[in-house]
Amino acid sequence: MADAMTDNGGFKYIGKHRRAVEHRRFVSGQGRFAADIVPLGLLHVAIVASPHASARIVSIDTSKALALPGVHAALTGDELCPAIEPMLPGVDAMQVKRYPLARGIVRYAGEWVVAVVAETRALAEDASELVDIVYETTPHVVDAEAAMAESAPQVHPALGSNVIYRRQFVWGAVDEHFAAAAHHLEYRVRWARSATVPIETFVVTCAWNDATRLLDIWASIQMPKFPDLMAKCLRLPGNGVRVHFDVDVGGSYGVKRGLKHSVLVGYLAMKLGRPVRFLEDRLENMRGGDMQGPDRIFDVSLAFDGDGTIRSMRMRAIDDIGAYAGRSPLQLGKPVGAIVGPYRIASVAYEAVSVMTNKTPQEAVRGFGQAPTNYAIESGIDKVARFLGLEPVALRRVNLIGKDEFPYLIPSGTHYDSGDYATVLDKALAAASHPELVAKRAELRAAGLLAGIGVSTCLEPSGGNSAFEPLFNPKNQTTTWMDSCLVRIDLNAAVTGVMGTSTSGQAHETLVSTVLGEIFDREPDSIRVVHADSLNALPSNSPVGSRMAIMLGGAAAGAAKILRAKLVRLGAHNLQLDDAEVRYEGGDVVSRADPSRRMTWDALVEIAHRHYHKLPPGMEPGLQEKFVWEVPTGGSLPTADGRIQMYPCHSFESHVVLTSIDPQTGGVTIHRYVCGHDCGVMISPDVVHGMTYGGISHGIGAALLEKFAYSEDGQLLSGTFMDYLLPSAQEIPPITIVDHCTPSPLTEFGQKGSGEAGYLGSVAAIANAINDALAAHNTSIDFLPMTPQAIWRTLNATALPKENA
Amino acid sequence: MKAAPFEYVRAHDLDHVLQLLAAYGTDAKPIAGGQSLVPMMAMRLARPALIVDINRLDVLSEVTIGPHAVTLGATVRQRDLEDDTALHARLPMLREALRWVGHTQTRNRGTVGGSLAHADPSAELPLAAVVLDATVHLRSEAGGDRTVPASEFFLGPMTAAVAETECLVSIDWPVWDGDGVVCVFDEFAMRHGDFAMASAACQLQLDADGICRRAAIGLGGVDGVPLAFPQLAARLVGHRIDADLARGIAADASAACAPGSDLHAGSDYRRHLGNVLLTRVLLQAGEQRLAA
Amino acid sequence: MAPALITVEITVNGKLRSAAVEPRTTLVDFLRDSLGLTGTHVGCEHGICGACSVLLEGDPIRSCCMFAVQADGMAVTTVEGLAPERGRLSKIQDAFCETHALQCGYCTSGMLIACHALVEHTPQPDEAQIRDAIGGNLCRCTGYQQIVDAVKLGTQPGYTVRADPVKRAATPENTVVPGASNG
């Protein structure tokens, strides 16, 4: 259980327990997910995918499939690709084009080759088995370092290299700091390819109308600028697509970005003149759904003194992005905004290397690359502690940025807005009863187990901006990543908030109604929040980068404040007072001098909607206002040496974990899990805690269980839920969350973001706990997941047999 | 993930099942709980032309507790055995094994016969069957009744000695008479409810002094089939279970296995796990008897 | 040629429902596609995630691992049938809302089925029993904590379902303008 709420001062609805308004429809089975939307005449897609990691397509024969009654199309890349625009990478490498279907060449096992459309999904699968494709295999590469060699097989020969992005940043006097430091320590850690793997796969349904020339789209999407990209790829005007955001999305945490799915289905709907749906099955989702996460090798050097003070860091991150690039190279860019973690490290050299291999393409995953970087930094902190013979907690205390040092400028150009890292660490240690934990560790060790305590102290940048775009691609001058909200008070005096993106579990309707309730001083449960379609919506950049509490919450507050001010003016005018002579109270406007003189909410609404003669001169009738908010601190381009303010707000989390290892089996048990968390003012504490529990759970999976493993042939070995192991309630221990509140000075209520909470520090903490346990054997594991077999092999220094290396 | 097309027939009696199997041969497949078959069909790894539903045949779902054996019909649900105290008093192995089987939802459908016929080398009930040397009753239209001892029933991964025209009818599980019967089942899997990377089971009869009078032991997940080790078990008889004895037997048993490798466990690791788990179940059995 | 369709009759949430299906139609596809009961969700279609859980004759099962024809003549309860009546919630459903035991809502119907089955047999389950009961239901949002909390809360003696949700603001009296209400 989370502890009692921190008093965050003076709010009526914000920070209070409130049932999420979304829940009632879900617990009664009345949600509306993309798969629940079935237009009349719907056709279904099944995919024929490449069995090879790299091959030339010699021929495709779809005649037998098309001959099956009920089959409407068997689309190949030869038809599709010339008819649409490619999806382009987020970096300046335009030779790397991606289309929904392969044309001529396949670049990974699972890449889509033919899309079969039929009356039912089962029939589409029957037909897909009848498609004959002849391949001629070509050399492939599945190891990122091997792919960097000049002689390596080229995934995209047109680019001339498998390295799609590489840049060496140097921020500060790295060489001098290294030279002056008493010690250096070098290490390599690997982050395994895992992902958020939502329980709902990706689903998209499109319907085209020949008369209106409008493509309607219902998709389980969580993606910035999805409508614009759809229109561009399908060569339609922006107002030629209408994305329905009132679709409940069954989890995403970053990955629900089925642009290629949607372009394919959009094309098919236009081609066939019938509504078409592609509902990925789990096999398609795992292999060709392009939702696998970062896959990184970190080579790090730390320079530090005998007292533990860390002077400088050199980090090289090689990220295996698979066969195509979407925004994946940018996942090396976002961590630039928290590249020193919560530590006072004066200079950093950071080399970001994004490499293509013949594997499934990488997609954005919770934290957009920050969790791997945090794991790399935190592993090093513990290594330094072991090297110096210091307690990891003590070493952290030496290096944590002090609460009086904010705003704190890190070498790579980001100001951290606020924080009190030492206090959050202390709270977590206290909640975990750290001395008892130490005693328990000794007890477990005495019982013959290996036991370890792991601590992590990690940044959670929030308020998602896209400053990494211009940082990694000078031709991209995007400096805004706005979000917005429209608020209406109708004639019947009810409030409606309109947002312009879909929700995948973050309870945005609860967020917006709580904020509107707070500003209007009205009961939040009386306020409805709707998701406009993309043609009715104000701009949104979608719930990415832990941004919605800040950005959507800020936009909702902004719009409500404009409306509230209008009500005040209206009330004052009708009371024949100046604005300053009245106050706003629960929706009423009241004379400060004589509180018996008041205009009620209902009366004000009536005037605004019906009584133009009672409006102040020049006032627009009706009650409807919008607010579009730019990311605070956003708006600027990077410096020549690559410094930039990445995200505005910086939440912080400190994890404390006690684990034991059965040395005979390698099995890991988590005995205690505590997370101290500071995301400023929590608008919806239950929602924040929920996402934090979920993030920790996701991290436990990434640390111990989950991996998209590939054979040397480039075949995905964990393409089902029998092989890719999501933790259940029996693998996840009870978790204690302890809150702290350091308000952000940059946001409406002092809130920071928390959508990626928990995940950003849990993997590091578990890894540190396991390595604390293994330290008794003078060994450590520097890769993920730390499976029982991996631990057993480490303890016994037994290499994996060749056949399943 | 939709199954390839097939015909479905709900059998009205056992003869009906046998007629259909005789007529269709490999094209037909009886369906009991379907917890393995249906996913395999969804992945189109199995594509029978005919599914013969045997779930509603009362004759296949009987539980008979006899003096020397418990007879379980092929379609007895795993879940229905969990709380059967009379059964557990006679046959503790089933309860110990079922604790590790899947989840409530799968056990509500999964059957004893289906688990055996599926012959997953890591599954719990097949290991229990070989350790106790259960007897499997099969029937076909042409061949009539046939019995196969569990030791000969499992032929390889996912391959059991059930001919395509045969239906698994029931399983006799031997009951050990007398006092001091202890049964321990342990396994190691990546998650609760997953198939084991290795499993070990023993059933021992120990006298009041802890001397072993009768023993049966086995390992799962460490070979193409679950393995029993009657000769190694015989070495326990006449002895108190101590660490040296347990380790020696476990080492010999695990050395005799030929484990496969997969993503989560290489062959050497599986063999090691088998060794560890068998040692543990033997020692735990000894301790349980002393505590009793 | 596709095999002939088979008409099945299944009592779903207390009502006899009938449809003609292919033999290969799974129970979950029947519920969703033939009956329009979209509260039951599909997650993996190979018997691991538990999202498709329903009660068959009162016992929780995975409806992706059973063909609809097999359930002919049987009784099925889906998430839509857990509440005592339309517009109300069961204690467990209510407690899920109270403890924030869900986020995206996708695994929720399967979780509720598992929890209802649990408390049917074990009215006051402990933490281990709860975790065991939902062990076959995967959730990616919650880390399970608030689900465990919900079952504990909803099974406390005397737990009562919260009354109807707050009514949406009613039409204010003064906006009902004579002659204007008809447009």
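Throughout, protein chains are lettered first and strands after them, A, B, ... in sequence-line order, and every chain is numbered starting at 1.
Within a 6.0 Å sphere centred on CZ of B:Arg235, other residues, nucleotides and ligands contribute more than 12 heavy atoms.
Residues B:Asp268 and A:Arg793 come closest through the heavy atom pair OD1-NH2, 2.7 Å. The two residues B:Arg44 and A:Ala122 make their nearest non-hydrogen contact at NH2-O, 3.4 Å.
A 4.5 Å side-chain heavy-atom check between B:Arg280 and A:Thr665 finds at least one atom pair inside the cut-off. No side-chain heavy atom of A:Asn796 sits less than 4.5 Å from a side-chain heavy atom of B:His272. Between B:Asp194 and A:Leu725 the shortest side-chain heavy-atom distance falls below 4.5 Å. Side chains of B:Leu263 and A:Met722 form no contact here, defined as non-hydrogen atoms less than 4.5 Å apart.
Summarising the geometry, atom OG1 belonging to A:Thr787 is positioned 8.0 Å from atom NE2 belonging to B:His264; distances are rounded to the nearest 0.5 Å. The CZ atom of B:Arg191 sits 12.5 Å away from atom CG of A:Leu704, with the distance rounded to the nearest 0.5 Å.
Proximity to chain A (any heavy atom under 4.5 Å) is restricted, for B:Phe188, to the side chain, taken from C-beta onward. Both the backbone and the side chain of A:Ser718 come within contact range of chain B, each with at least one heavy atom under 4.5 Å from a heavy atom of that chain.
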- Message: Apply side chain to side chain contact (heavy atoms under 4.5 Å, CB included) to residues B:Lys2 and A:Thr120 and explain how you reach the verdict.
- Response: CA-CA 10 Å; B:Lys2 308 298 179 193; A:Thr120 67; over 6 Å; no
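Checking side-chain atoms of A:Glu125 against main-chain N and O of B:Ala4 turns up no donor-acceptor pair under 3.5 Å.
The greatest number of non-hydrogen atom pairs below 4.5 Å with chain B, out of A:Glu129, A:Arg121, A:Lys707, is found for A:Glu129.
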